[in-house]
Every structure is written in C-alpha cells, then in structure tokens.
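This report refers to the structure that appears directly beneath it.
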Amino acid sequence: MRRDHGCRRADHEFSRRGFLATGAAAGVAGLASPAVSKQLRKGQKRVLQIYLQGGVSQLESWDPKPGTRYGGPFRAIPTSVPGMHICELLPHTAQRMHLLSIVRGINLKTNSHHDGRLFMEMGRRSGSFPYVGSIAAKHLTPANAPLPGYLHITTRGLTDNTNAFLDARHAQLKLAGPKVPDNLIRPDALTVQAARRSGELLKRLNRRFSGRGGQKAFTDSYNASFEMAEKLMARRDLFEGKPDPKDLQRYGSHPFGRNCLLARTLLENGATVVKVTHHGYDTHAENFNFHLEQLGEFDNTFCMLLDDLHQSGLLENTLVMVMSEFGRTPKINVRYGRDHWGTAWSIAVGGHGLVPGAIVGATNKEGTEVSEREVDGGHLFHTYLQALGLDSTANHDLGGRTVPIGDPTRSPIKELLA
Amino acid sequence: MPVFLRTRDTQMLATACMLPFLIVTQAIAAAPESTFPSRIDALIEARLKDFSTHASPICTDAAFLRRVTLDLTASIPTAAKTRAFLKDTAPSQEKRSRVVTELLASPQHATRMQYLLDWLLMERRSSENVASAQWQKYLRASAVANKPWDELTREILADDGGDAKTRARARFYLDREFDLTVVTRDVSRIFLGVDLECAQCHDHPAVTAYKQQHYHGIKAFLDRSFLFTDSKSKRKSLGEKAEGDVTFTSAFDETKGKTAPRILELPELVDPKDTLKQYITKPAKNVRSVPRYSRRRQLGEAMTVAENQDFRLNIANRLWAVMMGRGLVEPLDLRHAANPPSHPELLSLLGDALHQHKYDMRWFLGQLAHTRAYQRSSVTRPDSATVANRHYAVGLLKPLGPEQYAWATMEATGFLEKVRIDARASLAAAAKKAAAKKGSKKKAPKAKTAATPPNPPTLADIEAAVRKTVAPHVKTFVTQFAAQGGQKTTFSATAPQALFLTNGALLREWLKPAGANLLARVSKLDDSQAVAEELYIRILNRLPTESEQKEVAIYMELPGKRVDVLGELAWALLLSAEFRFNH
C-alpha cells in the first residue's frame with residue numbers, strides 16, 4: 001500500500017508519458033501488427049463507471065445490517081474476502097469482492113437527486129465543474145484514439161454539462177444503448193463518393209478559414225468535432241453487430257445486460273471512459289421487492305463484465321466504480337420503502353490504482369450515521385483521479401485563470417490508493 | 001487623437017503587400033473627438049503600444065453587413081440586401097451607419113434581444129413553474145419597447161409571481177425553485193458580474209475582494225422569502241416573512257458575522273421602524289404570507305441606484321462581449337480586484353454612458369457598431385501577435401448562438417424565403433377576409449367594400465408569423481447547440497453536433513431544390529461563375545474570390561447529377577467554419 005507522495009507533479013509527468021506513448025504509437029503504427037497495437041492500447045488507462053440511478057440502498061448492498069431495527073429482511077453473506085460481508089442480494093459480486101473495495105462512510109449532507117449526483121460526479125457540492133469522466137477523458141485519451149473519450153450508455157436523456165469549462169471534446173457522448181446513435185448513418189441519397197469528396201472540400205474550406213487567424217481554440221474545436229463524428233461513423237459496427245448469443249446468455253438479454261456488453265465492446269475498442277447507467281433504484285415504496293429485482297439484474301451482469309475485463313487483462317488498467325447519488329434511509333416508511341439518504345452510505349470501487357479487498361469507513365450499528373472515516377464526493381473525486389495517476393491537487397489552466405481540479409479542502413482516501 | 005489608418009499607414013501596409021486580404025484604402029472619416037464611438041476607439045488604441053502595427057484594417061462592406069446583421073438581428077442578410085449593400089455607391093461609413101439604424105428599428109432586432117435576454121437571465125434552464133410562452137411574451141414586449149435594463153431588472157427582482165398578469169417576471173426566481181443558494185449566486189453573477197459562490201462559506205481564499213458579508217448581504221434581501229405552493233392549484237409563488245436576519249460563520253476561523261440587506265460595499269439597508277412581524281397577509285397554513293415591508297422588493301431598487309457602480313459595469317461588459325466577442329472582464333461574471341478589466345477606463349466610460357442614457361441597450365449596441373474596434377477585419381495580420389485578440393486590434397470570431405445558427409441556416413438555404421412568402425400570402429388572405437366580413441357586417445354597399453383595399457400586413461406582422469412557423473426549427477437548433485449555462489464567449493463543438501450537420505435530415509431537406517430556394521436557383525444557372533456567385537452571396541454573404549470561383553468550377557466538373565454536385569457544394573459551404581462563426 002506504499003505510495004509515493006513526493007511532490008512530483010503527476011500532471012506534468014503524465015503529459016510527458018502521454019507524449020512518449022503517443023510518439024511511440026505513432027512511430028510503430030505503420031509497422032505494428034494488430035497484436036502489438038492492441039498491446040499498446042492495453043497500457044492505456046480506462047474508467048468504467050456503473051451508475052445505479054435513483055440511489056441504491058446501502059443496506060441491501062454494500063453495508064447490510066441484518067437483525068437490527070432497520071436491517072430489513074435480507075441476510076448478509078460472506079465474500080471472497082475473509083471477514084467482509086455484503087447483502088445476500090449480491091451473491092455473484094460477493095465471490096469477486098477480492099477485486100473490489102467498499103467505501104462505507106459516505107456523507108454528502110444532501111438528500112437531493114440532483115445535488116447528490118453532481119457532488120458525486122464533480123467532487124464539488126455546487127457550481128459548474130467538469131465531471132470526473134470528462135477530466136479522465138481529457139488526460140487519458142490518446143490523440144489518435146479510435147473513439148471519443150467519454151461515452152455514457154443510458155436509456156434516459158438528462159442534459160448534463162459534463163465538461164463545464166473544458167473543451168467539448170471531453171464532454172460526455174450519450175449512447176442510448178446498443179443501437180446506432182442519432183445521425184450516425186449517411187443519408188441514402190448521398191453516395192460514398194459524394195460524402196468523401198464534399199467532406200474533403202469542407203476540410204479544405206476550413207483549413208483556409210483557420211489560416212486567416214481568429215481564435216485557434218474555436219476553429220480547432222469545430223474541426224475536431226467532425227473528426228470525432230468520423231471516428232464514430234467509422235465504428236458503426238460497434239453499435240450494429242448482433243451480440244454473441246453466448247454473451248447475451250451470460251450478461252442477460254435485458255437492457256442493462258446489453259448495455260454492459262456494449263460497454264465491454266467499447267472498452268476493448270479504445271474508449272477511455274465508459275459510464276453505464278442502471279435505472280430505477282428510487283424505491284420510496286416496496287424497497288425490498290425492487291432491490292431484489294434490480295440487484296438481481298445488476299449482480300449477474302456486472303460480474304460477467306468484471307470477469308471479462310479481468311480475464312482480458314483490461315481490469316488492470318481500468319478504474320471501476322459502482323456508484324449512486326446517495327443511499328437510502330435506514331428508516332423504513334409505511335409503504336415498505338426507503339427514502340433519500342445522503343448521510344451514511346456506501347459505494348464499491350476497484351481496478352487500476354486501488355487497493356482491492358478493503359473496507360474503508362463504517363457506519364454505526366443501525367446504519368444511522370457514519371462512525372468511522374467519514375468522506376464525501378470531494379474525497380472520492382480526488383481518490384478516483386489519483387488512482388488514475390492524475391494530480392487532483394493541480395489546477396485546470398484556463399488561460400489566465402486557474403481552477404483547482406479537486407476541491408482543495410478535500411483530500412484523497414489515501415489508504416485506498418495502491 | 002490618432003486617426004485610424006492615416007494615409008501614410010495605409011500606404012505602408014499596401015507597400016508591405018504580403019497581405020492576402022483586401023485592404024480598405026478608404027480610411028474612416030475622422031469622427032469628431034466628442035462622439036462616443038471615437039472616445040471608445042481612443043481608449044482602445046491608446047492601451048497597446050504600437051497598436052497600429054497589430055491592427056487589422058477595417059473590414060470589407062460585405063463582412064460588416066454579415067457581422068452587424070447577425071449581431072443585431074440574429075440572422076444573416078438576405079441575398080437581395082447583400083447585393084444592394086454592395087452595389088450602393090454611398091461612402092462606406094455612411095451606408096454602414098444607415099444599415100445599423102435600419103436593423104435596430106426592425107422587428108428582427110427585438111427577436112435578437114429576446115434571445116439574448118433569455119440566455120442572460122435564464123441561462124438555458126428548462127421551464128418548470130412558469131410557462132415558456134408566457135416568459136417569451138414578456139421578453140418580447142420588453143424587447144419591442146426597448147425597456148431599459150434597470151427597469152427590467154427591477155421588474156424581475158420584485159415580482160413574487162402571485163399576480164397572474166405579471167407572473168412571467170418571477171420566472172427568474174420561480175424556475176430556480178427559489179433555492180436560496182442558487183438565487184443569491186445568480187443575482188450577483190447576472191446583475192453585478194461577481195461570482196460569490198465561495199464567499200458563501202468563507203471570505204474567498206483567492207479572491208480577496210469577495211467577502212462573506214457580500215454574499216450574505218445579497219442573501220439578506222432574499223432570505224425572508226420562500227417558495228410557496230398553493231395547496232389547491234399547486235401553483236408556486238413567493239411568500240415572505242416579516243422577520244429573520246442573516247448571520248454567518250466562517251468555515252475557516254469560526255468568526256461570526258451578521259448583515260442586513262446590502263449590495264457589496266454599499267451601506268446596509270435598515271428595515272423601517274415598526275415593520276418587524278407586521279403583515280399584510282399573516283402567515284398561516286396554506287397561506288402565502290405578505291409582509292408590510294418586503295426586503296425582497298428592495299433588491300431591484302438597491303441594485304439600480306446610481307451609487308452601485310457594479311450594476312452598470314456588469315451590463316456594459318456583457319453587451320460589449322455580445323458585440324466584440326470578448327468581455328473587457330473575462331469570465332463575464334468574475335470581476336474583482338485581482339481580475340480587473342483589460343481596459344479599465346473604457347469599462348467605466350461604457351458603464352457611465354449606459355447609466356446616463358438610462359440603460360438604453362438599443363442605443364448602446366448601435367454606438368458600439370459604429371466603432372472601429374467593432375469594424376475591424378477578423379483576418380489577422382501575418383506579422384501580428386496574439387496580443388491583437390486581447391486588444392481588439394482584430395475582429396474576433398463569435399460562434400453563432402443556437403438561434404442565430406438556425407435563422408442563418410434557414411436564410412442561406414432559402415427555406416426562410418419560402419416561409420416569408422407563405423406568411424405574406426396568408427396574412428393578406430386573412431386581411432382580405434376580415435375586411436370583407438367587416439364590410440358585410442356594416443351592410444355597406446357591395447361595391448364600396450370591394451373598393452377599400454385591406455391594409456397590407458406590416459413588417460412586424462410578417463415577422464411574427466414567420467417566427468411562429470420556424471419556432472420548432474429554432475428549438476431543434478437550441479437542443480443541438482445550446483450548452484447549459486450562462487452567457488460566455490468561449491466555444492466548443494461536439495461530435496453529435498457534427499453528426500447532426502453531416503447526416504441530419506433537416507439540413508439535407510433544406511438543401512433539396514424546391515420553389516425558389518437556394519438549390520432550385522443554382523440548378524437553373526448555366527455557368528460556374530454565376531453558380532459560385534449565387535452560392536457565396538446566399539451562404540457567406542460575399543462574392544467569391546477568383547480562386548474560389550475556380551474551386552467551384554472544378555468541383556462542378558466532377559461526375560454525378562448536376563443537382564447533387566451543387567448540393568454537395570452548398571453543403572460544404574454551409575458547414576464551413578466561415579458560416580459557423582460570426583467573423
């Protein structure tokens with residue numbers, strides 16, 4: 001668990017490394033066999049973010065309190081980590097807890113979906129800051145990446161300003177599941193030849209316009225948007241192919257299963273940050289039935305994805321987070337529901353840069369408050385970025401203005417960093 | 001005062017002759033010292049040593065027409081207007097001045113202001129508690145009347161949403177759910193140009209000018225108010241208590257503070273005597289309480305008093321940024337001692353002028369359009385440093401806002417022309433019908449009715465009808481191109497936007513030949529020179545250069561159906577960066 005906390009600036013170091021890596025990749029690209037370039041790509045750090053939307057109950061997942069006043073009907077089961085117990089609704093995940101760690105002492109001090117979600121993503125309680133995925137995409141996506149850096153698979157369309165003041169290249173690109181994104185397909189009336197030659201004309205016009213001056217960041221961003229669009233169009237196959245029936249059987253043929261299969265495909269094909277949203281945890285009524293159903297779907301599918309990433313070696317370079325906007329109240333309401341609860345809840349994390357099999361923090365006996373190592377979205381944010389080798393205490397340089405990347409009043413959970 | 005581009009400079013530039021761009025040899029006639037635009041230019045040009053060596057010349061007439069039409073009316077000029085303007089042999093400054101006056105008087109200018117005010121005040125928030133149509137109607141009426149900014153501010157900050165007639169004004173509060181943190185922050189950002197977010201919990205660690213008491217001083221105007229939901233109608237409005245004070249504790253050193261309502265460093269507003277706990281409507285269950293003395297109602301007044309310099313500096317900076325592409329203070333809401341304006345005297349001049357002219361935004365925008373700073377070419381001189389950008393020595397690129405982008409695209413493709421023709425026809429038909437009905441009601445002799453021609457529809461009527469027809473398309477562009485958040489001068493483009501432009505059905509539809517639209521027109525033209533001219537005039541509002549004409553001619557030789565090839569050309573020009581930006 002030793003980690004060098006000397007004052008080497010990770011962001012500087014990173015960009016140097018990034019430069020070498022891209023330089024090397026570019027040099028080899030002409031000669032490299034697919035295996036070699038795959039090898040190179042494997043070295044690229046990635047992020048897999050599973051978002052359990054609505055607020056998963058910590059009591060029915062990572063922090064069970066069976067037999068207590070608010071414990072609910074489910075038991076706790078042992079896991080592959082001696083002494084670690086999680087809820088029996090996650091039997092498959094329990095067998096893989098040696099790959100993951102649990103943070104049990106989260107207190108966001110908010111019970112609002114909106115505020116909780118933003119706090120967990122931006123590491124700031126309020127204001128407009130880039131999401132962790134946007135920052136990771138900015139720093140980890142190689143210049144020659146075959147896909148846009150930050151992809152979010154979700155069946156609902158909330159409009160998030162994920163990149164805040166960062167360039168739109170690092171904004172989240174939404175995919176509505178394993179189907180071809182909007183406007184990805186060339187109109188029928190347009191021949192390949194016509195598309196190519198008019199595209200070339202457009203590039204020529206734009207080069208000429210950039211040449212007359214003007215703010216370079218503007219013209220660069222405009223031109224880059226077409227390059228990213230081209231990348232997506234070139235990988236239309238990723239969205240079109242029918243999944244392998246065997247895979248479908250393993251992952252489940254429900255939307256979450258299909259979405260996680262797509263996440264695997266995207267990670268394998270050079271995406272940097274992939275977020276998958278599993279909707280429907282806002283269980284104000286019938287909390288137990290809903291969690292039985294929802295987590296049943298999550299548990300199996302997530303484990304298949306985790307296994308595949310583990311087996312292909314990708315997990316080594318991939319930071320994994322299973323998070324929500326908050327947990328659920330210990331108190332069970334009259335409709336057998338649990339309500340919003342940002343006060344004492346948990347998430348699971350694993351993969352690159354993190355210690356596996358650990359439990360950090362704790363809640364009291366009935367789960368009504370954090371009793372040990374209280375953290376919030378700010379601490380988690382620093383932890384994610386530092387796990388990825390990025391200096392979260394450095395600044396975003398906005399040309400004349402600097403903004404601290406992570407909240408300066410928070411620090412990473414050091415005991416979790418590998 | 002230095003006169004821009006003295007003949008000597010012009011000759012020097014011309015002899016240097018490595019410049020690929022057109023030099024307007026005709027120097028602007030020296031404006032009298034006293035005019036407002038010339039005072040602006042004097043301050044701009046004195047701020048940078050060797051300004052003239054960095055300065056781009058005044059832009060061409062074509063560039064000016066496109067620029068000012070977009071800035072003042074949210075769209076590009078029509079082909080007819082462009083041609084007429086280029087043909088007009090009047091002195092350049094005279095016709096430029098004339099066009100500014102025309103544009104400011106047009107109904108389209110109100111449309112532009114409506115969009116700007118919406119963006120500025122609501123920052124692309126979705127409509128939650130106040131219907132969007134109601135809000136737009138209010139903005140429209142304000143823009144048409146050229147309502148002064150201070151008056152608009154007072155209306156918006158005073159309304160509680162209780163009266164159905166003025167409820168739209170309360171959207172600023174109501175669609176922020178009257179979240180006290182959000183509302184306090186946004187009031188200071190949007191109306192004062194300072195972002196007190198961090199000052200909420202402590203004096204700002206980096207920005208020493210932002211004090212915790214500033215945040216809480218603004219908050220004290222609002223803190224007695226609360227969001228009230230009527231139990232029957234479920235309609236939300238603001239209630240207010242007649243008691244409660246704002247106290248705060250620093251998160252750093254536990255020091256405690258207390259403040260009455262106050263605007264930044266201005267004195268505190270003391271509540272009038274004997275108003276504590278005095279109500280017009282007393283608080284009770286399901287009752288919206290109204291105090292005798294409302295602290296919230298003082299906010300607009302306190303904000304707009306002459307002593308409050310921040311109010312005028314903020315709006316001056318924001319309107320300057322609209323026209324010039326960059327605020328004198330950037331980011332627009334972060335003015336403080338350590339982030340001073342790039343041109344402090346200029347900002348004071350602008351703020352004072354706005355104040356003296358009773359916050360007449362239409363006048364102000366028109367004045368800015370007359371400056372050399374506004375009229376400079378956006379083509380950077382090859383020998384110029386990037387310092388030129390910060391010093392307005394070169395025209396800056398301004399990304400088209402989503403609404404501008406929609407209108408410009410519809411104009412360029414000729415879709416808008418069809419909408420205008422249809423609107424005129426249907427308005428004329430409706431007027432004729434109404435006149436006939438009126439005539440028959442009066443039982444006037446038939447011959448007489450026929451003799452009274454119906455009033456022709458006014459420009460404003462046509463504009464309103466057109467606006468209604470294209471509203472869904474404007475909305476599509478807003479969905480695709482608007483980022484959440486307030487006014488800023490940065491730009492970034494996304495892959496889904498590029499896909500929308502490349503493969504989206506809407507643009508491709510507008511690029512199909514129909515009626516007298518762009519493609520139908522160019523398809524009928526014989527030679528490539530005429531095609532190039534038509535495409536460039538309609539899409540880029542200028543004539544093509546010789547090499548661009550050649551480029552079009554060569555493209556037209558490519559295999560394929562003529563109409564398809566022309567469609568490809570039009571598509572590429574429409575997606576070009578030159579179209580995407582106001583330059």
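In this text, all values refer to a predicted model and were calculated from it rather than measured experimentally. Chain letters run A, B, ... following the sequence lines, proteins first and then strands; every chain starts at 1.
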Which one, [options], leads in non-hydrogen pairs under 4.5 Å with chain B?
options: A/Ala195, A/Ala224, A/Ala229; answer: A/Ala229
options: A/Arg212, A/Gln193, A/Lys231, A/Met228; answer: A/Arg212
options: A/Ala164, A/Gly199, A/Ala171, A/Ala194; answer: A/Ala194

Contact list for residues 553-570 of chain B, test salt bridge (Lys or Arg N to Asp or Glu O under 4.0 Å), sequence neighbours left out: A/Arg197-B/Glu568
Out of [options], return the one with the most heavy atom pairs under 4.5 angstrom to chain A.
options: B/Ala483, B/Gly325, B/Ala505, B/Pro331; answer: B/Pro331
options: B/Thr494, B/Val565, B/Leu573; answer: B/Thr494
options: B/Leu558, B/Thr502, B/Leu569; answer: B/Leu558
options: B/Gly567, B/Gly504, B/Ala495; answer: B/Ala495

Quick one: list whatever passes salt bridge (Lys or Arg N to Asp or Glu O under 4.0 Å) with A/Lys216, sequence neighbours left out. A/Asp220
List in chain and number order the residues that pass salt bridge (Lys or Arg N to Asp or Glu O under 4.0 Å) with A/Asp115, two or more places apart in sequence or in another chain; answer none if no residue qualifies. none
Under 3.5 Å, is there a donor-acceptor pair between the side chain of B/His583 and the main chain of B/Glu578? yes
With a 4.5 Å heavy-atom cut-off (strictly below), which parts of residues 390-399 of chain B touch chain A? List them by number. B/Leu396, B/Leu397, B/Pro399
Polar contact flag, side-chain donor to acceptor under 3.5 angstrom, B/Glu128-B/Ser126: yes
